[in-house]
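Only one structure is covered here, and it is reproduced in the block below.
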Amino acid sequence: MPKSKNIILKGVSASVGIIVGRAFVLDEDDFCLIYREIPKNRIENEKKRFDNAIEKTRQELKEVYNKVNNVLGEDYAHITNAHILILDDPSMKKNVYNLIEYGTNAEYALFKTIDKIIRSFDAIKDGYFKERKLDVQEIGKKILANLFGKQKRNYANLKENSIVVAHNLTPTDTVAIREKLVKGFVTDIGGKTSHTAIIAQGLGIPAVAGLKVASSKIRTGDMIILDGNAGEVILNPSDEVLEKYQKYYDRQHEEIEELRKLKDLPIETLDKHTTSIFANIDNSDEVSHALNSGAKGIGLYRTEFMYFNRNTLPSEQEHFEEYYKVVREMSEYTTTIRTIDLGGDKFAKFGLLNVSTEQNPFLGLRAIRLCLKYPDVFITQLRGILRASAFGKIRIMYPMISSIEELRSANKILQDVKQDLRESNIKFDEDIQVGTMIEIPSAAVITDIIAKEVDFVSIGTNDLIQYTLAVDRGNENVVNIYDPTHPAVLRLIKQIIDSAHKENIEVAMCGEMAGDPLYTPILLGFGLDEFSVSPFQVLKIKKIIRSMSFKEVKEIADKILQCGDKKSISKIMSTLTRQ
Ligand code: PEP
Ligand code: MG
């Protein structure tokens with residue numbers, strides 16, 4: 001049967017650009033749990049499969065134990081022993097065996113058994129049992145993964161130059177995939193500022209998220225048009241539609257060539273007000289791209305990506321070498337190294353850092369909270385950063401600060417690390433600047449207090465919007481509520497900028513809002529000092545800044561602050577973009 005042509009799937013624009021290519025659909029890594037009847041003569045074999053999965057899981061837990069023990073010591077490592085105890089629980093094994101003897105397949109028998117244990121914990125209203133429930137769930141998943149014989153997604157068959165289609169892509173997936181030079185991403189779930197979207201923007205490839213049914217409708221090998229500008233995908237395009245898109249594509253290239261002419265021109269408004277444009281990166285390979293884009297510094301280096309797709313925590317030497325490479329290449333320009341922001345949707349699996357079982361990970365043990373709980377992990381990174389600071393201009397930035405006490409605790413550890421280095425005669429920049437991200441409303445409200453104890457602040461709008469509006473940044477069902485121009489968000493941004501300026505502190509913005517040309521005039525009008533954006537956006541933002549009058553955008557930004565609803569804000573904003 002001939003395939004239907006021009007099937008339009010609508011989602012959310014996660015990264016701009018248009019691309020035509022063949023799809024590669026990544027398998028979902030959730031397991032399909034179905035009941036299968038096991039014939040009598042296969043029952044012993046089924047029990048053996050279960051025993052083998054238990055043994056494999058035991059080996060994995062022992063490896064985790066050793067790693068954690070080496071890095072953080074026995075006090076932390078013993079948590080893994082609690083998992084091994086669950087694995088050895090005779091009643092669990094008995095229950096699974098019983099079900100298998102009735103002819104149930106091992107996967108389903110395990111699922112039923114774990115479900116039964118969890119339900120019994122639910123009946124007990126005690127915090128301790130709530131925690132144990134999560135442990136049992138985690139172990140159940142590990143055994144199941146081994147029973148299914150698949151642990152991770154397999155990227156081996158992924159062809160270069162394909163468009164990856166998946167139900168969901170975690171940042172860990174995207175890091176593995178990017179080595180394959182894919183042309184674009186398409187996902188069923190996610191929104192504009194999910195970390196997968198941010199990685200696509202960093203790679204300069206188009207992406208559409210929140211398509212809901214893409215991974216079930218599209219098959220590997222299908223021809224698709226990925227329109228990251230409109231946030232849609234066209235499946236099996238006809239020749240006429242392909243031709244139309246080829247024209248868009250050519251125009252896109254002409255625009256890029258035009259922008260390149262701005263690279264060496266100053267970043268200033270028509271009335272000579274100057275600002276900075278820095279770049280966001282997430283690994284050292286992106287530095288040359290950032291410099292080529294005309295960025296005059298790195299405003300956000302997301303270091304947590306170093307922790308993905310590996311089995312051990314990065315050592316101090318690895319941190320040092322990575323940062324050394326970056327600062328040498330950046331030469332006289334500043335590099336802002338953000339300490340790790342693991343947690344939320346950025347999981348890393350090292351036993352302890354495996355925080356993926358939290359019920360509300362974005363409100364959980366994330367970023368600086370994780371570093372303060374596991375200071376050895378933090379200290380290792382800080383030593384690497386400080387050592388590299390002897391070779392170039394580095395600023396340290398803490399993510400997810402929510403109170404002055406957290407900032408002070410982080411700074412206290414930093415002071416101790418500096419003292420240790422001095423005592424060992426290891427060189428570092430004694431004047432290294434330290435700043436914090438403002439991405440939690442509580443921090444935004446006390447920017448005046450924070451500004452007295454830091455050298456700079458950087459507004460993380462991706463999280464600031466999420467936490468201010470109580471809207472999950474990665475959830476496609478609520479993208480319409482995720483609004484950078486909500487009056488509460490705009491007022492908070494203005495308040496942060498004014499409070500920091502009163503303390504003579506510069507204010508950067510490194511969330512995606514800084515890189516969206518729609519918001520450049522208003523942020524400029526608010527007095528933002530530094531835009532830190534994906535390298536692909538640097539020249540687009542520069543073009544807008546160079547076309548604006550600072551005096552006028554300031555007046556209009558003031559008017560916007562008086563507005564209480566979306567409609568009046570959009571009306572005024574449209575006059576700004578027309579200037
Ligand atoms: C932010 O929250 O705006 C930000 C820049 O940090 P991340 O996107 O890594 O959470
Ligand atoms: Mg953030």
Side-chain angles (χ1 to χ4, degrees), residues 14-15 170-172 174-175 190-203 207 209 277-283 286 290 297-308 336-348 355 360-371 395-402 406 435-444 447 456-475 482-484 486 489-490 492-493 496-497 507-516 519 523 528 530-535 537:
S15 177
T170 65
T172 316
T174 12
V175 168
K192 193 171 176 57
T193 58
S194 63
H195 284 102
T196 299
I198 290 168
I199 292 172
Q201 288 158 26
L203 293 172
I277 307 181
F278 282 14
N280 294 348
I281 60 166
D282 52 56
N283 75 64
E286 288 173 15
I298 302 292
L300 168 63
Y301 176 7
R302 289 184 166 96
T303 55
E304 55 278 5
F305 285 86
M306 214 192 292
Y307 288 65
F308 297 154
T336 312
I337 301 185
R338 181 175 75 180
T339 56
I340 50 169
D341 181 5
L342 288 169
D345 61 350
K346 290 181 283 195
F347 311 129
V355 287
N360 288 304
F362 272 114
L363 303 181
L365 193 60
R366 188 186 161 191
I368 199 70
R369 301 170 180 184
L370 194 123
C371 286
R395 297 193 296 197
I396 295 178
M397 178 160 77
Y398 305 130
M400 292 278 292
I401 291 286
S402 67
E406 263 169 356
T436 172
M437 295 198 57
I438 303 284
E439 52 185 343
I440 297 183
S442 59
T447 302
F456 67 96
V457 294
S458 184
I459 308 175
T461 47
N462 304 338
D463 281 313
L464 187 64
I465 297 169
Q466 154 164 273
Y467 296 129
T468 304
L469 304 182
V471 56
D472 181 345
R473 61 192 268 185
N475 182 340
Y482 190 96
D483 177 15
H486 187 295
V489 174
L490 294 179
L492 268 186
I493 292 174
I496 295 166
I497 295 174
V507 184
M509 180 181 284
C510 58
E512 298 318 293
M513 187 176 178
D516 189 331
Y519 310 121
L523 296 175
L528 187 69
E530 177 192 308
F531 292 73
S532 191
V533 306
S534 141
Q537 296 302 101

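Just so you know, ligand 1 is whichever comes first in the structure, and atom 1 is the first atom listed for that ligand.
Neither the backbone nor the side chain of E512 comes within 4.0 Å of ligand 1, counting heavy atoms alone. With a heavy-atom cut-off of 4.0 Å, D341 touches ligand 1 through its side chain alone. Residue contacts with ligand 1 for R338 involve side-chain atoms from C-beta outward but no N, CA, C or O (heavy atoms, distance under 4.0 Å). Residue Q466 does not touch ligand 1, judged by heavy-atom distances below 4.0 Å.
Close contacts between ligand 1 and I198 involve ligand atoms 8 (O) [criterion: under 4.0 Å to a heavy atom]. Under a 4.0 Å criterion applied to the non-hydrogen atoms of C510, ligand 1 contributes the atoms 5 (C). For ligand 1 and D463, the ligand atoms under 4.0 Å from any heavy atom of the residue are 1 (C), 2 (O), 3 (O), 10 (O). Proximity to L300 (heavy-atom distance under 4.0 Å) selects the following atoms of ligand 1: 5 (C). Shown in contact with R302 at under 4.0 Å from a heavy atom are these atoms of ligand 1, numbered in order with element: 4 (C), 5 (C), 6 (O), 7 (P), 8 (O), 9 (O). Near R473, the atoms of ligand 1 lying under 4.0 angstrom from a non-hydrogen atom of the residue are 2 (O), 7 (P), 8 (O), 10 (O).
Of the possible donor and acceptor atoms, none in the side chain of R366 sits under 3.5 Å from a partner among the backbone N and O of P361. Checked by atom type and distance alone, the side chain of S442 pairs as donor or acceptor with a backbone atom of S402 at under 3.5 Å. Within the 3.5 Å criterion, the main-chain N or O of T461 finds no donor-acceptor partner in the side chain of E512. In terms of modelled atom types and a separation under 3.5 Å, the side chain of T436 and the main chain of I401 share no donor-acceptor contact. The backbone N or O of M437 lies less than 3.5 Å from no partner atom in the side chain of S458, so there is not a single donor-acceptor pair. Counting only distance, with no hydrogens or angles, the side chain of Y398 and the backbone of A367 share no donor-acceptor pair below 3.5 Å.
Looking at R473 and E439, no side-chain N of the basic residue comes within less than 4.0 Å of a carboxylate O on the acidic one, giving no salt bridge.
Between I465 and V471, the closest heavy-atom pair is O-CG1, 4.1 Å. Taking every heavy atom of both residues into account, Y482 and Q466 meet most closely at CE1-N, 4.0 Å.
What sits closest to atom 7 (P) of ligand 1 on the protein, heavy atoms only, is H195 NE2, 3.3 Å.
Where the criterion is an N or O separation shorter than 3.5 Å, residue side chain and backbone included, R366 meets it with respect to ligand 1. The distance criterion of under 3.5 Å between nitrogen or oxygen atoms is met by E439 with respect to ligand 1.
With C510 as the partner, the side-chain contact (heavy atoms from CB on, under 4.5 Å) test is satisfied by one option alone out of L300, I459, T336: L300.
Using a 4.5 Å heavy-atom threshold, the side chains of I198 and N280 count as separate. Counting heavy atoms from C-beta outward, N283 and E286 have side chains that approach closer than 4.5 Å.
Around the Mg ion (ligand 2), the protein atoms of type N, O or S found under 2.8 Å away are E439 OE1, D463 OD2, listed by chain and number.
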